[in-house]
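Below is one structure, written out as structure tokens; the observations come after it.
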2 protein chains.
Amino acid sequence: MTQPLGEAIRDHFERRILAGELAPGARLPTEQEIMTAFGCSRMTVSKALSTLASAGLIERRKRAGTFVARPRVHAMVLEVPDLAAQVMERGQDYRFRLDRREKVTAREGHLSGQSALHLAGTHFADGAPLAIEDRLVSLAAVPAIADADLTGEAPGTWLLHHIPWTEADTRIFAHGASAEEAAALGLQAGAACLCIERRTWRGTEPITAVRQLFVAAGYELVAHFGPGG
Amino acid sequence: MTQPLGEAIRDHFERRILAGELAPGARLPTEQEIMTAFGCSRMTVSKALSTLASAGLIERRKRAGTFVARPRVHAMVLEVPDLAAQVMERGQDYRFRLDRREKVTAREGHLSGQSALHLAGTHFADGAPLAIEDRLVSLAAVPAIADADLTGEAPGTWLLHHIPWTEADTRIFAHGASAEEAAALGLQAGAACLCIERRTWRGTEPITAVRQLFVAAGYELVAHFGPGG
DNA sequence: CTTTCGATTATGTCTATACATTATTGCTCG
DNA sequence: CGAGCAATAATGTATAGACATAATCGAAAG
């Protein structure tokens, strides 16, 4: 049960930094000093510090030394689970209804000019509308979707299982429902909704663009930041 | 301008994975094979693969080998910049007005039971209300805030500069403004707002809890996922 | 046919050393 | 006094070899 040496070094400094004992901007000992203090080789120290550096905890400058990073904008991890899985995890019944499906030529966005499948549908939790979505899927990037049965399975779930993306942009904002949107969600016009717009790529090839409108009472996003991940 | 060897190895496999040439679950060559293919030592290969592994692109299993990771869909990076900086970056004028400041004993949440400073204020962009916020700051964890001048600087900005947090939870959801909230934001009652609730810790010590209500038209969150950062 | 257990093979970590890179420090020269 | 340049001190990358660890595979035992 002996802890690897490099890990011990990492833990040592991570703890001291998180405890505030080493304030932002403070200088750490040189690799030489750490090396003798821990009784190990310099490579081991270097690798441990590299890990902390890529985690954003410290900053290393040649000739100058190693310093505790000054926290800038904090990046948080936003959980984006599959909607169906998320609803069922709450013990609710999940259902998806496909409302529209047609082949189009995209006119805007990152899919602009490409042949795409236009899909619209409604997500239900325990029989009540939870969200409506409007999606374009590139037929060039995902030809298989032309033959997919999407009447029961949400397109997002299908895509997740068939061609995972490698890059994505997400915009999150509040939106007052239009009359049409409100009707589809069983709300009054102008009711507050959470809107999520996401564009995804595989490498540089656009895959899909989706706009999801959630009933405010039924959905929230949760993000977390911390050393535990 | 010779690229470091380890970086070349990383790039090689990253490109092939992102291009789909190496499908999820596919096995990479062993370190021995890569080592001879690139004409370098095993340490170099190992370090390169370790980097890819910690980036989540590959998965390494002893005895079995190295495999392309099945994409984890559920983690995106949400930037949490300082609000003042974000507004000014858009070329707008930023202002904060402190509306209330009183010492209280927290009654709920992670600060429950602790002595805290209750702060309420309004964020303005180009003179128009952008958001209202309601915040509790632990006086035990941040005694210095008792003497801080917060009439012009937002408490979040002050905290960011004085005691950065190490852990945070964020909830994001849509909210229809109450009559009071709407009045403060210059909206009609029921107008859609984006609500962000955040609790932060330093280690295990609670720092602050904040609820920010944004005018829907003026604010959106942006999250990103991808190797590009 | 199933279970156990050892051999094998891959990754994981570490060492000691070497040389490259780079920004600072400080000295020299105008 | 200042501009430029060289010495220096730190990190960055790499090597070849050694042993540790763990999971798989296959053979032996039940």
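Each chain gets a letter, A, B and so on, in the order the sequences are listed, and its residues count up from 1.
- Taking the centre and axis of the six-membered ring of B:Phe67, the NZ or CZ atom of B:Arg60 falls outside the cone set by 45° and 6.0 Å.
- Regarding B:Met43, its CE atom lies at a distance of 12 Å from the P atom of C:dG12, rounded to whole Å.
- Donor-acceptor pairing under 3.5 Å, judged by distance alone, is present between the side chain of B:Arg63 and the base of C:dT8.
- Of the candidates D:dT11, C:dA16, D:dA16, C:dA16 carries the atom nearest the A:Ser41 side chain, counting heavy atoms from C-beta on.
- The phosphate of C:dT22 has neither OP1 nor OP2 within less than 4.0 Å of any side-chain N or O from A:Arg61.
- Taking atom CE on A:Met35 and atom P on C:dT17, their separation rounds to 9 Å, with Å as the unit.
- Between B:Phe38 and B:His12, a ring centre-to-centre spacing shorter than 6.0 Å is recorded.
- Among the protein residues, B:Thr66 comes within range of the sugar-phosphate backbone only, with heavy atoms under 4.0 Å from sugar or phosphate atoms but none that close to a base.
- For the residue pair A:Thr208 and A:Arg199, no side-chain donor N or O sits within less than 3.5 Å of a side-chain acceptor on the partner.
- Rounded to an integer number of Å, the gap from CG of A:Asp11 to P of C:dT13 is 13 Å.
- Atom CZ in A:Arg10 sits roughly 12 Å away from atom C1' in C:dG12 (whole-Å rounding).
- Atom CD of A:Gln32 is separated from atom P of D:dT11 by 8 Å (rounded to the nearest Å).
- Straight-line distance from the CD1 atom of B:Ile58 to the C1' atom of C:dT11: 11 Å, rounded to whole Å.
- Taking atom CZ of residue A:Arg42 and atom P of nucleotide D:dA9, one finds them 14 Å apart after rounding to whole Å.
- Mapping A:Pro4 and B:Arg27 onto DNA chain C by nearest heavy atom places B:Arg27 closer to the 5' end of the strand.
- Using modelled atom types and a 3.5 Å distance limit, the side chains of A:Asp11 and A:Gln3 yield a donor-acceptor pair.
- Here D:dT13 presents its P atom at 13 Å from CD1 of B:Ile9, a figure rounded to the nearest Å.
- Side-chain contact, B:His118 with B:Asp134: a donor N or O sits under 3.5 Å from an acceptor N or O.
- Taking the nucleotide of DNA chain C with the nearest heavy atom to each of A:Cys40 and B:Thr30, the more 5' of the two is matched to B:Thr30.
- Between B:Thr44 and D:dT15 there is a side-chain N or O to OP1 or OP2 distance below 4.0 Å.
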